[in-house]
Amino acid sequence: MSIGENIKYINGLKAQAAEKSGRSGDDILLVAVTKLHDVDEINEAIRCGITDIGENKVQEIMDKYDHVDPVRWHLIGHLQTNKVKYIIDKVSMIHSVDSLKLAQEINKRAIQHDLTMDILIQVNSAMEESKFGITTEETGQMIQDILETCPNVRIRGLMCIAPFEDDPEDARVYFEEVKKLYDEYGKIDHERLDFKYLSMGMSNDFQVAIEAGSNLIRVGTSIFGARDYSK
Ligand SMILES: *Cc1c(COP(=O)(O)O)cnc(C)c1O
């Protein structure tokens, strides 16, 4: 199937899952994950209606940025503090904030560019060793610390990468746990906390994630096909 057909297919599944949780497909933002895919494929996806793309490496954003048609860029992978400066003026949201130190570096660079950066806090609700993110217990304190020390950072919500399960149903509990935090901390009344995004769900588990409350899914393989890691 073509990239356009894949996007249409995913939008259909997205709408079905949304309806199961009393919402519409339009309430769920599809971020096309373009890592290891080339500029032509990305521009084709944009022509087919994609408005938001996600990359997990700073270097790939830098390489592609000038060659991709206008679109919103999301940094979705682990971000080292020394690389924030390269993408601070390129991305519209950073999904993977997992330490106060990183938030403070984002804040510092945002001040230099006279902008406010939207971020999500990455929660590792399954506590997988192999994944980045803070624990559910640390989330409240992290939010408080960022609000207190990062005037040019706005917290827009939470992000979670569930463990890969053969049966995506098994990931539901991890999504539900983060949804609970999202509802709880979204109530905080602060000018720099404006929850709008719960970023959960990838190719293998986005329907379950939506049913559990996600409103932003990050989908790569189901749009572009398998990635070639040998490149
Ligand atoms: C690669 C990646 C995705 C997309 O994964 P697929 O299985 O290809 O849909 C989503 N989120 C993050 C953080 C990723 O690194």
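Just follow the structure's listing: the first ligand is 1, and inside any ligand the first atom is 1. Values below: every heavy atom of this structure, side chains too, minus hydrogens, waters and symmetry copies.
- Between Met117 and Ile88 there is a side-chain heavy-atom pair separated by less than 4.5 Å.
- Following chains of ILVMFWY side-chain contacts shorter than 4.5 Å, one cannot reach Ile210 starting from Met159, and the two form parts of different hydrophobic clusters.
- Under a 4.0 Å criterion applied to the non-hydrogen atoms of Val219, ligand 1 contributes the atoms 9 (O).
- Residue Gly220 has at least one heavy-atom neighbour below 4.0 Å for each of these atoms of ligand 1: 4 (C), 6 (P), 8 (O), 9 (O).
- Surrounding CG of Asp166 are at most 12 heavy atoms belonging to other residues, nucleotides or ligands under 6.0 Å away.
- Counting atoms of ligand 1 from 1 in the listed order, those under 4.0 Å from a heavy atom of Ile76 are 11 (N), 12 (C), 13 (C), 14 (C).
- Heavy-atom proximity to Ile161, at under 4.0 Å, picks out these atoms of ligand 1: 13 (C).
- Of all protein heavy atoms, the one closest to atom 14 (C) of ligand 1 is Lys35 NZ, 2.9 Å.
- Between the Thr34 side chain and the Ile53 main chain, no donor and acceptor come within less than 3.5 Å of each other.
- For atom 8 (O) of ligand 1, the closest non-hydrogen atom on the protein side is Thr221 OG1, 2.5 Å.
- Residue His95 places every heavy atom at 4.0 Å or more from ligand 1.
- Counting heavy atoms from C-beta outward, Trp73 and Val68 have side chains that approach closer than 4.5 Å.
- Taking each of Ser203, Gly54, Ser222 in turn, the one with a heavy atom nearest to atom 9 (O) of ligand 1 proves to be Ser203.
- Interface of Arg218 with ligand 1, defined as ligand atoms under 4.0 Å from a residue heavy atom, comprises 4 (C), 9 (O), 10 (C), 11 (N), 12 (C), 13 (C).
- Annotation: atom 5 (O) of ligand 1 to nearest protein heavy atom, Met202 CE, 3.5 Å.
- The shortest distance between side-chain heavy atoms of Ile188 and Ile143 falls below 4.5 Å.
- Using the six-membered ring where Trp is involved, His78 and Phe132 have ring planes that are parallel, under 30° apart on the 30 and 60° scheme.
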